[in-house]
Amino acid sequence: MSQTLELPVSHVKGIGEHTQEMLSTLHIFTVRDLLEYYPFRHEDYAVRRLGEVNHEERVTVRGQVQSEPSVRFYGKKKSRLTVRVLVDGLLIQAVFFNQPYLKKQLSLGQEIVINGKWDQHRASISPAMMKPKKQTNEQGLEPVYSVKGDLKIATLRKFIHEAMGTYGNELEEILPEQLIQSYRLMPRKEAIHQLHFPNSPNDLKQAKRRMIYEELLLFQLKMQTYRKQERDQQKGETKKIPVHEVEAFIESLPFPLTGAQRRVKDEILVDITSNYRMNRLLQGDVGSGKTVIAAVALFAVVKAGFQGALMVPTEILAEQHLESLIDLLAPYNVNVRLLSGGAKIKERREILAQLEAGDIDILVGTHALIQEGVDFQNLGLVITDEQHRFGVEQRRILRKKGLHPDVLFMTATPIPRTLAISAFGDMDVSVIDEMPKGRKPIETYWAKPAMFERVLTFMQKELKQGRQAYVICPLIEESDKLDVQNAIDVHAQLSQGLPDVNVGLMHGRLTPDEKEEVMGQFADNDIQALVSTTVVEVGVNVPNATVMIIYDAERFGLSQLHQLRGRVGRGSEQSYCILLADPKSDTGKERMKIMTETNDGFELSERDLELRGPGDFFGRKQSGLPEFKVADLVQDYRVLEIARQDAAKLVQSEAFWKSQDYFHLRGWLEKQGILSLGRLD
Ligand code: ADP
Ligand code: MG
């Protein structure tokens, strides 16, 4: 690795202390960081003809001013300037926001070049930007970087240009010659140069192709190396599961397992008995019955003489799982305990002591379970539920503690199976693709907020028949505090409007004890209608609840709506989901429509993908998947698959670990902290 590239970014000419600070907020610290800070898209400023442009596409056009510009001011500093422009024989309207000074600069008959989003229905470009008539960049391709604070894109580009001139030559190739040859990849140095300063659309395409492959290959190498280490390190410790006892336990369940549940149960038990460590993803739509699979796996491990842990994202869910596990397992002398965030010091100490002594068989709790001060005597299995974030890094925490348990991840996040296999390259995947028998599909309705009275009447009717309801409160983005206030208001309103109904209140600001009490009352039907923020979003299981009312549904993403809806339809009664929404945008309306049309998480995710585009499909922050700079797991799915196969071959080959040709690749893995574990030799 080039040492020069690791110099602080302040070595680049023109970067002073202030700039250095601004760059650090973008995680740019070294010269290399700066050079490898790629644009997230390229704006094409080449002038085009309107006839070839699609609705809502960004475009640059040339035209003649045909009217006096008119400006309207609104708000404090806001303004809107409109002007008619003749473009390719078509009279269109250009709308400029907050640039009132343009009024003086635009005169009748003047030729201008504007860039902006084309609205075909309105024949307008809005918001529009003026562009100099002569493009500086011949191709009109201009990289767009994400910047923060005072840093301007143009300034950033200037520094990248400077750095490229001085240090660009130091950028080393990291892919082996043989891969570059066989895929005809652009050399790294050139590719990075082209990303920042493209010569032509085709060069840019080749540059992207190379960097996408590189990024996905490195990602896969990391996963596969990790997987290989896990398998190689095995000390041959297998668990002996008393098969008859497990079968008897399954027989005793209140319902027969579905075919899909049986299949995944077998896959999991095979892993547990094998001499490699289980690292498995269990996917199943909301309500498909993942919890009972967790119970079977935990039972098997405990009967094989080990302890188990069940990790969940919220205290509410921890509490609920504790109860289900006690119901199922206590009759078999399995000791299940909860490590709650709200536990008193004395109680906590007692639990930890019992855990270390091996008196507790299964510990349930949030992620704090695997952290400080929690020592198991003989941990054999860790299951995480709905914890999409629990990934490679957390598994390393386990390993650091000297723990090598089998690991099972359960999630309802619907990802096409093939994609899941590639994306989680280090995991095996099991899928529950069948719902328990006797479920009636949830009926979903979309109602305007003005119909709230009627919705309430409907809810009352269900409550009279002994059913229960959730009312999810208006969502105010990024403000937990305001969300809570909303819930409090709605609760007051409903309590008053429904005097003969016991209305409960749930939100994130309640203490763990309070939450437990409210959930307990709801589960026991002492509360009939539960007003709540989204804290009940995942996992909560109260089968007698048949009505889910969601305020402001247009503010939620499809997968979140699906999760919320999944809180009902868990028993044999007909369930209903009512979306109160008045979306203004077409996509918003489309989302509501999709919800009323399908109950299938996989179908929903596909349609979500169509609507949103691949960019934020996974909800990056949530999924635990790395953030890629150039690659997109969905769009570049084919490359991902190729990279996965290549990485697998590399990791298995002698040459990769010994030969000089792979020096830089190994260096990269080392930098990722994968090889430094020193377990591969
Ligand atoms: P999820 O997969 O969303 O975690 P749960 O495990 O909470 O779903 O199960 C949802 C409901 O379905 C629970 O009430 C559970 O008892 C019930 N259930 C699970 N498996 C079956 C089955 N094979 N037959 C009938 N009901 C089942
Ligand atoms: Mg669940």
Side-chain angles (χ1 to χ4, degrees), residues 247 249-268 280-299 310-329 364-366 383-390 408-415 429-442 467-468 470 519 522-525 534-546 548 559-575 577 599-602 604-605:
E247 281 307 317
F249 171 64
I250 292 173
E251 283 295 310
S252 78
L253 291 171
F255 42 73
L257 293 183
T258 62
Q261 282 173 321
R262 278 192 177 281
R263 194 186 63 238
V264 304
K265 177 262 301 174
D266 287 339
E267 287 167 358
I268 290 166
R280 189 171 280 278
L281 180 74
L282 172 57
Q283 253 189 295
D285 209 344
V286 279
S288 62
K290 295 184 290 292
T291 312
V292 67
I293 298 300
V296 172
L298 287 166
F299 178 87
L310 178 56
M311 278 202 294
V312 294
T314 64
E315 295 273 348
I316 296 179
L317 205 48
E319 198 63 57
Q320 177 189 297
H321 277 331
L322 174 78
E323 277 175 31
S324 338
L325 287 181
I326 289 179
D327 278 354
L328 292 168
L329 299 173
V364 183
T366 59
I383 301 183
T384 69
D385 190 19
E386 309 285 4
Q387 185 101 11
H388 319 307
R389 264 176 243 178
F390 190 83
L408 179 69
F409 304 87
M410 305 199 297
T411 177
T413 307
I415 311 169
V429 180
S430 292
V431 181
I432 305 185
D433 51 6
E434 180 185 353
M435 284 289 171
K437 291 213 171 48
R439 291 277 173 83
K440 298 194 180 76
I442 302 167
R467 307 282 101 75
Q468 289 165 276
Y470 295 90
M519 273 329 285
F522 191 55
D524 295 343
N525 201 356
T534 53
V535 291
V536 295
E537 179 183 337
V538 291
V540 170
N541 185 42
V542 178
N544 189 47
T546 57
M548 165 61 69
S559 61
Q560 205 179 3
L561 287 174
H562 185 59
Q563 274 286 351
L564 284 168
R565 176 169 63 183
R567 295 314 111 220
V568 296
R570 303 186 143 248
S572 52
E573 299 297 332
Q574 177 63 52
S575 288
C577 173
N599 265 313
D600 177 339
F602 282 89
L604 217 118
S605 75

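First listed ligand is number 1; within each ligand, the first listed atom is number 1.
When each of Ile432, Val431, Val429 is checked for a side-chain contact (heavy atoms from CB on, under 4.5 Å) with Leu282, only Ile432 meets the rule.
With a 4.0 Å heavy-atom cut-off, ligand 1 is reached by no atom of Lys437. The side chain of Asn541, and not its backbone, has at least one atom closer than 4.0 Å to an atom of ligand 1 (non-hydrogen atoms only; side chain from C-beta on). Only backbone heavy atoms of Pro256 (N, CA, C or O) come within less than 4.0 Å of ligand 1; its side chain stays farther off.
Between Gly287 and ligand 1, at least one N/O pair is under 3.5 Å apart. Considering backbone and side-chain N/O atoms, Gly289 comes within less than 3.5 Å of an N/O atom of ligand 1.
Within the listing of ligand 1, atoms 23 (N) sit less than 4.0 angstrom from a heavy atom of Thr258. Those atoms of ligand 1 with a heavy atom of Thr291 less than 4.0 angstrom away are 4 (O), 5 (P), 6 (O), 7 (O). Close approach of ligand 1 to Val286 (heavy-atom distance below 4.0 Å) involves ligand atoms 3 (O).
Ionic pairing of Lys440 and Glu573 is not present here: no N-O contact between side-chain nitrogen and carboxylate oxygen is shorter than 4.0 angstrom.
In this structure the side chain of Ile250 reaches within 4.5 angstrom of the side chain of Lys265, judged on heavy atoms. Looking at heavy atoms from C-beta onward, Arg263 lies in side-chain contact with Asp433 at the 4.5 angstrom threshold.
For Gln261 (side chain) and Thr258 (main-chain N/O), a donor-acceptor pair under 3.5 Å exists by modelled atom type.
Heavy atoms of Ala412 stay at 4.0 angstrom or farther from ligand 1.
Qualifying side-chain contact (heavy atoms from CB on, under 4.5 Å) partners for Asp600, counting only residues two or more places apart in sequence or in other chains: Asp285, Thr598, Phe602, Glu603.
Checking Arg570, Glu434, Arg567, Arg439 against atom 12 (O) of ligand 1, the nearest heavy atom belongs to Arg439.
Taking the six-membered ring where tryptophan is involved, the planes of Phe522 and Tyr470 are perpendicular, since the angle between them exceeds 60° and thus also 30°.
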